[in-house]
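Single-structure report; data block below.
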Amino acid sequence: TRTGRDNTPIFPIEGMLKHIMHGKEALILCIAVMQRFLNDTTSLFPNILVLILAVGVSNILFYFIVKRIFGERVGFFGFLLFAGTFWPILYVLQGAHPPLALMNFLLAVLFLQMVHMKTIYSLLSGVFLGLMMFSSPTSAMYLPYVLGFCIFESTRSSGKMTIGKNTFAR
(Lines give C-alpha, C1' and ligand atoms only; values in the text may rest on other atoms or scores of the structure.)
Protein backbone atom coordinates (compact mmCIF):
# COMPACT_ATOMS: atom_id res chain seq x y z
CA THR A 1 0.00 0.00 0.00
CA ARG A 2 1.14 3.51 -0.72
CA THR A 3 1.52 5.77 2.27
CA GLY A 4 1.54 9.51 2.73
CA ARG A 5 4.04 11.73 4.53
CA ASP A 6 2.78 10.77 7.99
CA ASN A 7 3.07 7.05 7.10
CA THR A 8 -0.72 6.52 7.02
CA PRO A 9 -2.19 4.58 4.12
CA ILE A 10 -3.55 6.74 1.29
CA PHE A 11 -6.41 4.29 0.70
CA PRO A 12 -6.90 2.55 4.07
CA ILE A 13 -9.17 -0.25 2.82
CA GLU A 14 -7.19 -2.91 4.70
CA GLY A 15 -7.74 -1.11 8.00
CA MET A 16 -11.42 -0.56 7.23
CA LEU A 17 -11.95 -4.22 6.43
CA LYS A 18 -10.43 -5.22 9.77
CA HIS A 19 -13.01 -3.13 11.61
CA ILE A 20 -15.99 -3.97 9.41
CA MET A 21 -15.45 -7.74 9.45
CA HIS A 22 -14.34 -8.09 13.07
CA GLY A 23 -16.48 -10.71 14.82
CA LYS A 24 -17.96 -12.17 11.65
CA GLU A 25 -15.16 -14.54 10.70
CA ALA A 26 -17.20 -17.72 11.23
CA LEU A 27 -20.01 -16.32 9.09
CA ILE A 28 -17.59 -15.40 6.32
CA LEU A 29 -16.07 -18.89 6.46
CA CYS A 30 -19.53 -20.54 6.29
CA ILE A 31 -20.51 -18.35 3.35
CA ALA A 32 -17.24 -19.16 1.57
CA VAL A 33 -17.84 -22.90 2.03
CA MET A 34 -21.40 -22.51 0.74
CA GLN A 35 -20.17 -20.47 -2.24
CA ARG A 36 -17.71 -23.23 -3.08
CA PHE A 37 -20.37 -25.92 -2.63
CA LEU A 38 -22.90 -24.09 -4.84
CA ASN A 39 -20.27 -22.72 -7.24
CA ASP A 40 -21.87 -19.28 -6.89
CA THR A 41 -19.68 -16.32 -5.93
CA THR A 42 -21.75 -13.53 -7.45
CA SER A 43 -25.20 -13.70 -5.85
CA LEU A 44 -26.47 -13.44 -2.29
CA PHE A 45 -27.95 -16.94 -2.44
CA PRO A 46 -25.11 -18.67 -0.51
CA ASN A 47 -25.36 -16.08 2.28
CA ILE A 48 -29.14 -16.42 2.50
CA LEU A 49 -28.92 -20.24 2.41
CA VAL A 50 -26.40 -20.27 5.30
CA LEU A 51 -28.75 -18.09 7.34
CA ILE A 52 -31.82 -20.19 6.48
CA LEU A 53 -29.96 -23.33 7.56
CA ALA A 54 -28.84 -21.60 10.77
CA VAL A 55 -32.42 -20.60 11.60
CA GLY A 56 -33.69 -24.12 10.84
CA VAL A 57 -31.04 -25.74 13.02
CA SER A 58 -31.78 -23.19 15.76
CA ASN A 59 -35.46 -24.16 15.69
CA ILE A 60 -34.60 -27.83 16.18
CA LEU A 61 -32.04 -27.07 18.89
CA PHE A 62 -34.53 -24.86 20.72
CA TYR A 63 -36.99 -27.76 20.77
CA PHE A 64 -34.44 -30.19 22.21
CA ILE A 65 -33.23 -27.75 24.87
CA VAL A 66 -36.72 -26.85 26.08
CA LYS A 67 -37.80 -30.50 25.91
CA ARG A 68 -34.93 -31.57 28.19
CA ILE A 69 -35.91 -28.93 30.77
CA PHE A 70 -39.72 -28.86 30.71
CA GLY A 71 -40.88 -31.92 28.78
CA GLU A 72 -42.03 -32.81 25.30
CA ARG A 73 -45.28 -30.81 25.17
CA VAL A 74 -43.70 -27.58 26.35
CA GLY A 75 -40.77 -28.20 24.00
CA PHE A 76 -43.09 -28.54 21.04
CA PHE A 77 -45.03 -25.41 22.05
CA GLY A 78 -41.73 -23.53 22.43
CA PHE A 79 -40.65 -24.77 19.00
CA LEU A 80 -43.88 -23.45 17.46
CA LEU A 81 -43.48 -20.09 19.19
CA PHE A 82 -39.85 -19.79 18.12
CA ALA A 83 -40.55 -20.91 14.56
CA GLY A 84 -43.43 -18.44 14.27
CA THR A 85 -41.54 -15.37 15.37
CA PHE A 86 -40.81 -12.71 12.81
CA TRP A 87 -37.24 -11.75 13.71
CA PRO A 88 -35.42 -14.81 12.25
CA ILE A 89 -37.15 -14.25 8.93
CA LEU A 90 -36.25 -10.57 9.05
CA TYR A 91 -32.59 -11.36 9.74
CA VAL A 92 -32.49 -13.82 6.85
CA LEU A 93 -34.08 -11.32 4.48
CA GLN A 94 -31.55 -8.67 5.51
CA GLY A 95 -28.64 -11.10 5.24
CA ALA A 96 -27.61 -10.28 8.82
CA HIS A 97 -25.31 -12.35 11.01
CA PRO A 98 -27.19 -13.04 14.32
CA PRO A 99 -28.81 -16.35 13.22
CA LEU A 100 -25.41 -18.04 13.04
CA ALA A 101 -24.47 -16.70 16.48
CA LEU A 102 -27.80 -17.95 17.87
CA MET A 103 -27.23 -21.40 16.38
CA ASN A 104 -23.76 -21.62 17.96
CA PHE A 105 -25.17 -20.40 21.29
CA LEU A 106 -27.90 -23.05 21.23
CA LEU A 107 -25.38 -25.76 20.31
CA ALA A 108 -23.22 -24.69 23.28
CA VAL A 109 -26.26 -24.81 25.59
CA LEU A 110 -27.35 -28.22 24.30
CA PHE A 111 -23.90 -29.68 24.93
CA LEU A 112 -23.87 -28.05 28.37
CA GLN A 113 -27.04 -29.99 29.13
CA MET A 114 -25.26 -33.23 28.26
CA VAL A 115 -21.99 -32.60 30.16
CA HIS A 116 -22.93 -35.13 32.85
CA MET A 117 -23.04 -37.92 30.21
CA LYS A 118 -19.56 -37.57 28.69
CA THR A 119 -16.66 -35.20 29.17
CA ILE A 120 -16.37 -34.56 25.42
CA TYR A 121 -19.60 -32.58 25.55
CA SER A 122 -17.96 -29.89 27.68
CA LEU A 123 -15.26 -29.53 25.01
CA LEU A 124 -17.88 -29.31 22.26
CA SER A 125 -19.78 -26.72 24.25
CA GLY A 126 -16.63 -24.63 24.52
CA VAL A 127 -15.92 -24.99 20.80
CA PHE A 128 -19.38 -23.73 19.87
CA LEU A 129 -19.14 -20.97 22.45
CA GLY A 130 -15.90 -19.88 20.79
CA LEU A 131 -17.48 -20.07 17.34
CA MET A 132 -20.34 -17.96 18.64
CA MET A 133 -17.91 -15.18 19.52
CA PHE A 134 -16.65 -15.16 15.93
CA SER A 135 -20.13 -15.32 14.37
CA SER A 136 -21.41 -11.87 15.28
CA PRO A 137 -19.98 -8.73 16.91
CA THR A 138 -22.96 -8.77 19.30
CA SER A 139 -22.32 -12.33 20.51
CA ALA A 140 -21.09 -11.16 23.89
CA MET A 141 -24.71 -10.47 24.86
CA TYR A 142 -25.27 -14.24 25.05
CA LEU A 143 -22.55 -14.78 27.69
CA PRO A 144 -24.73 -13.91 30.74
CA TYR A 145 -27.29 -16.44 29.48
CA VAL A 146 -24.59 -19.11 29.22
CA LEU A 147 -23.48 -18.33 32.77
CA GLY A 148 -27.07 -18.47 34.00
CA PHE A 149 -27.60 -21.78 32.24
CA CYS A 150 -24.41 -23.18 33.80
CA ILE A 151 -25.72 -22.23 37.24
CA PHE A 152 -29.14 -23.67 36.42
CA GLU A 153 -27.66 -26.97 35.23
CA SER A 154 -25.35 -27.32 38.21
CA THR A 155 -28.18 -26.75 40.71
CA ARG A 156 -30.55 -28.93 38.72
CA SER A 157 -28.13 -31.84 38.56
CA SER A 158 -27.67 -31.68 42.33
CA GLY A 159 -31.44 -32.07 42.72
CA LYS A 160 -31.88 -28.87 44.73
CA MET A 161 -33.63 -26.73 42.13
CA THR A 162 -37.08 -25.61 43.23
CA ILE A 163 -38.98 -22.58 42.04
CA GLY A 164 -42.20 -22.01 43.94
CA LYS A 165 -44.05 -25.31 44.03
CA ASN A 166 -42.24 -26.67 40.97
CA THR A 167 -39.23 -28.92 41.37
CA PHE A 168 -37.01 -29.49 38.37
CA ALA A 169 -35.64 -33.01 38.45
CA ARG A 170 -34.07 -35.27 35.89
Side-chain angles (χ1 to χ4, degrees), residues 14-38 41 44-70 74-157 161 168 170:
E14 293 87 12
M16 287 171 44
L17 283 176
K18 286 180 185 174
H19 293 292
I20 292 171
M21 294 301 166
H22 175 68
K24 300 178 190 173
E25 294 86 359
L27 176 68
I28 293 168
L29 184 62
C30 286
I31 292 171
V33 167
M34 191 61 72
Q35 284 176 335
R36 173 72 74 164
F37 180 70
L38 297 174
T41 58
L44 286 175
F45 183 68
N47 182 13
I48 301 300
L49 189 58
V50 164
L51 296 175
I52 288 171
L53 290 173
V55 168
V57 170
S58 294
N59 281 322
I60 294 167
L61 291 170
F62 191 77
Y63 167 73
F64 284 121
I65 291 169
V66 174
K67 176 185 160 192
R68 288 180 64 92
I69 297 173
F70 298 109
V74 177
F76 184 69
F77 183 69
F79 166 79
L80 291 177
L81 281 176
F82 186 76
T85 58
F86 184 68
W87 74 266
I89 298 166
L90 186 65
Y91 278 137
V92 168
L93 291 176
Q94 291 177 348
H97 43 83
L100 190 66
L102 177 66
M103 182 189 76
N104 286 322
F105 165 72
L106 292 174
L107 278 166
V109 167
L110 182 71
F111 286 122
L112 271 176
Q113 282 185 325
M114 298 188 292
V115 163
H116 67 280
M117 292 181 202
K118 290 186 179 177
T119 311
I120 190 74
Y121 292 135
S122 60
L123 176 70
L124 288 172
S125 178
V127 165
F128 286 111
L129 198 59
L131 279 174
M132 178 192 76
M133 296 306 290
F134 290 102
S135 298
S136 172
T138 59
S139 291
M141 71 179 188
Y142 290 113
L143 292 178
Y145 299 110
V146 172
L147 178 64
F149 193 78
C150 286
I151 293 169
F152 173 77
E153 275 298 309
S154 67
T155 57
R156 189 179 119 174
S157 65
M161 183 68 173
F168 296 97
R170 289 206 188 275

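Computed from heavy atoms alone, side chains included, the values below leave out hydrogens, waters and symmetry copies.
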**Request:** Could you pull out all residues at least two apart from Pro99 that satisfy side chain to side chain contact (heavy atoms under 4.5 Å, CB included)?
**Result:** Leu51, Ala54, Val55, Tyr91
**Request:** Output all residues satisfying side chain to side chain contact (heavy atoms under 4.5 Å, CB included) with Ser122, sequence neighbours left out; order by chain, then residue number.
**Result:** Val115, Thr119
**Request:** Any chance you could measure Ser125, atom OG, to Ile120, atom CD1, to the nearest 0.5 Å?
**Result:** 11.5 Å
**Prompt:** Which distance, rounded to the nearest 0.5 Å, do you find between the CD1 of Ile52 and the CG of Asn47?
**Reply:** 10.0 Å
**Tyr142 side, atom OH; Tyr145 side, atom OH - distance, nearest 0.5 Å** = 9.0 Å
**Prompt:** Can you name the ring pair (Phe, Tyr, Trp, His ring centres under 6.0 Å) partners of Phe62, sequence neighbours left out?
**Reply:** Phe82
**Asked** Among all residues two or more places apart in sequence or in another chain, which pass the side chain to side chain contact (heavy atoms under 4.5 Å, CB included) test with Leu147?
**Response** Ile151
**Request:** Output the distance between atom CG (Leu81) and atom CG (Asn59), rounded to the nearest 0.5 Å.
**Result:** 11.0 Å
Identify each donor-acceptor pair in which a side-chain atom of residues 101-112 lies under 3.5 Å from a protein atom, sequence neighbours left out, and give them as a table.
{"from": "Asn104", "atom 1": "ND2", "to": "Leu100", "atom 2": "O", "distance (Å)": "3.3"}
{"from": "Asn104", "atom 1": "ND2", "to": "Ser135", "atom 2": "OG", "distance (Å)": "2.8"}

**Complete:** Applying side chain to side chain donor-acceptor pair (under 3.5 Å) to Thr85 and not counting sequence neighbours gives none
**Fill in**
Taking every heavy atom of Met132 against every heavy atom of Ser139, the minimum-distance pair comes out as O-OG, 2.6 Å
**Asked** CG/Leu80 to CZ/Phe77 distance, rounded to the nearest 0.5 angstrom?
**Response** 7.5 Å
**Request:** Tell me, please, which residues at least two apart from Leu38 pass side chain to side chain contact (heavy atoms under 4.5 Å, CB included).
**Result:** Met34, Asp40, Phe45, Pro46, Leu49
**Message:** Is the shortest side-chain heavy-atom distance between Leu29 and Phe134 below 4.5 Å?
**Reply:** no
**Asked** Measuring from Leu61:CG to Phe128:CZ, what's the distance to the nearest 0.5 Å?
**Response** 9.0 Å
**Taking every non-hydrogen atom, the tightest pair across Tyr121 and Met114** = CD1-O, 3.0 Å
